[in-house]
Protein chains: 2
Amino acid sequence: MKSLLSTIKISVPEKIFLKDPESSDLGKRIIGHSILLIDEIGFDSFTFKKLGTKIGSNESSIYRYFESKHKLLLYLTSWYWAWIEYQLVFSTSNLPNPTEKLLKAIEVVTRTIKEDNDFLHINEIKLNQIIINEYSKSYLTKEVDSENKEGYFVVYKRLITRLRDMILTINADYKYASSISSTIIEGALHQHFLKEHFTSITDCSETVTPTKFFQELTINAIKS
Amino acid sequence: MKSLLSTIKISVPEKIFLKDPESSDLGKRIIGHSILLIDEIGFDSFTFKKLGTKIGSNESSIYRYFESKHKLLLYLTSWYWAWIEYQLVFSTSNLPNPTEKLLKAIEVVTRTIKEDNDFLHINEIKLNQIIINEYSKSYLTKEVDSENKEGYFVVYKRLITRLRDMILTINADYKYASSISSTIIEGALHQHFLKEHFTSITDCSETVTPTKFFQELTINAIKS
DNA sequence: CAAATTTAATAGTATTACTATCAATTTTGC
DNA sequence: GCAAAATTGATAGTAATACTATTAAATTTG
């Protein structure tokens with residue numbers, strides 16, 4: 001996938017940033033190193049001041065790109081879901097069988113990211129870890145409704161809608177196509193978290209993947 | 001359920017608090033009003049200073065019960081899950097049919113709390129809202145592994161284990177009994193959140209409950 | 001090469017998440 | 001009923017956070 005993706009720009013809702021970080025070298029360093037730093041110390045301890053030190057730049061310069069660290073998280077998560085969406089569309093487009101298509105789509109949204117290949121300044125493995133550990137914090141806020149109106153979550157919602165449509169193609173009468181789609185995507189992040197921190201309440205492990213679990217779950221749900 | 005529960009003390013892991021809030025009037029006011037205040041302004045904006053003002057007490061007095069607001073959240077969530085666990089055990093104990101038992105258990109862990117009856121100083125409806133909006137924040141931290149070792153999440157894990165055992169009673173060969181149990185409990189909170197804030201990616205609503213969705217999902221998963 | 005833009009440096013603010021100390025009040029044990 | 005013990009309240013203080021504002025230096029661009 002490398003050659004294709006490296007020429008593509010992942011598109012993030014414009015209102016999330018003050019100045020497009022893809023438009024400058026400093027911007028790309030902000031994105032690249034924020035991923036490394038959030039992965040290292042966690043989003044709660046992450047500050048623009050610490051990031052400034054890491055990239056040899058100034059706190060105030062970072063504030064010209066993002067008005068808060070919360071907006072930066074929204075940027076990273078939107079970028080991540082847009083990247084997953086691209087993979088989903090690309091890797092299912094040539095599959096004629098709707099069930100195969102759905103199984104492939106579930107694989108794409110539930111698998112562990114194991115390679116950091118597609119974009120030079122972005123470590124996709126660590127970004128995936130950030131999504132597992134921090135994604136919920138981007139919407140579990142008192143501002144969620146106004147931010148949703150601003151379009152900050154469109155990419156995530158569109159991804160879920162795509163999965164839903166694949167399910168409805170197989171069984172238009174299934175009553176919970178949206179709910180199972182949102183459960184797969186959120187649930188997969190949760191299972192990945194559990195296998196790292198609460199092994200006693202998951203069956204997933206190095207050898208048993210969330211992918212298999214959610215594929216079986218979905219097929220059984222919609223085919224009966 | 002009122003008469004029975006009001007005489008019972010919900011038991012929370014002792015290390016979570018410095019001084020048992022159930023042991024004094026001030027302690028109960030801390031718990032009672034923290035639920036109201038967190039529900040009102042959200043956990044992120046919640047501080048012990050604001051809580052002190054609300055209950056006509058001092059910030060420093062609250063610190064004698066909990067060493068941080070994070071610990072207070074752990075207390076509230078443990079209390080909540082212990083209360084749910086009690087309901088689960090109580091309301092399934094006299095059901096002889098394993099499938100009926102499981103369906104009842106799923107109902108208990110996925111339903112909306114609509115009544116505030118059981119404990120005088122605790123508003124169970126608002127506490128349920130806090131669990132929906134803030135629970136993830138209690139474990140999505142860099143300290144999760146050490147806090148897990150301290151036993152701060154035992155109640156939650158035990159609840160999931162109980163559900164898992166009910167599933168295994170019906171089908172001992174089902175490979176994902178733990179994963180589906182954790183998915184039901186976390187997923188139900190997520191569906192409740194979605195129906196309040198992201199209606200386009202859920203089928204749940206005033207009339208369609210997460211309970212029905214997860215009951216069907218589970219039965220289809222384990223019976224095939 | 002001058003003007004415009006971007007970045008860096010510094011300073012400042014209100015708030016947060018605490019800790020420490022001591023006084024006032026309440027509880028308790030005899 | 002009272003002294004001792006425990007609890008609570010009031011005040012002060014600290015380092016860090018999450019910013020904003022201003023001005024200077026460096027870089028880009030037309």
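Since the structure is predicted, the reported quantities are computational estimates derived from the model, not experimental observations. Only this structure's heavy atoms are used, side chains among them; waters, hydrogens and symmetry mates stay out. Letters A, B, ... are given to chains in the order of the sequence lines, protein chains preceding strands, and every chain is numbered from 1.
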When R64(B) and K69(B) are each assigned the nearest nucleotide of DNA chain C, the 5'-most assignment goes to K69(B)
Item checked: Distance-only donor-acceptor check, side chains T211(A) and E107(A), under 3.5 Å -> no
Given the options Y156(A), F153(A), Y152(A), F198(B) meets ring-ring contact (aromatic ring centres under 6.0 Å, His included) only with F153(A)
| field | N or O in side chain of S57(B) less than 4.0 angstrom from dG9(D) OP1/OP2 | value | yes
Exercise for review: Using a heavy-atom cut-off of under 4.0 Å over every strand shown, decide if E67(A) touches base, sugar-phosphate, or nothing.
Suggested key: sugar-phosphate
To the nearest angstrom, the CG-P distance between N58(A) and dA25(D) comes to 15 Å
Comparing Y63(B) with E59(A), nearest DNA chain C nucleotide closer to 5' gives the residue E59(A)
Original post:
NA contact type, F66(A), heavy-atom cut-off 4.0 Å: base, sugar-phosphate, or nothing?
Top reply: nothing
Report task. Would you mind classifying the nucleic acid contact of T47(B) as base, sugar-phosphate or nothing, using non-hydrogen atoms under 4.0 angstrom? Result -> sugar-phosphate
Whole-Å distance, L26(B) CG to dA10(D) P, equals 12 Å
From CG of L18(B) across to P of dT8(D) the rounded distance in Å is 13 Å
Smallest heavy-atom separation, E85(A) atom then L159(A) atom, equals CA-CD1, 3.8 Å
Taken to the nearest whole Å, CZ/F48(B) to C1'/dC18(C) is 10 Å
From NE2 of H70(A) across to P of dC19(D) the rounded distance in Å is 11 Å
Next on the checklist: Between S178(B) and T202(A), is there a side-chain donor-acceptor contact under 3.5 Å, judged purely by atom types and distance?
Outcome noted: no
Q. Phosphate oxygens OP1/OP2 of dT8(D): is one of them under 4.0 Å from a side-chain N or O of Y65(B)?
A. yes
Side-chain atoms of S60(A) come closest, of dT16(C), dA9(C), dT7(C), to dA9(C)
| query | S61(A) side chain N/O closer than 4.0 Å to the phosphate oxygens (OP1, OP2) of dA8(C)? | reply | yes
**Prompt:** Reckon K49(B) has a side-chain N or O less than 4.0 Å from the OP1 or OP2 of dT16(C)?
**Reply:** no
Problem - Donor-acceptor pair between H197(B) and D145(A) side chains, under 3.5 angstrom - result: yes
Separation of dC18(C) atom C1' from L51(B) atom CG, nearest Å, is 15 Å
L72(B) atom CG is separated from dA17(C) atom P, nearest whole Å, by 12 Å
Here the distance between atom P of dT5(C) and atom CG of D20(A), to the nearest Å, is 18 Å
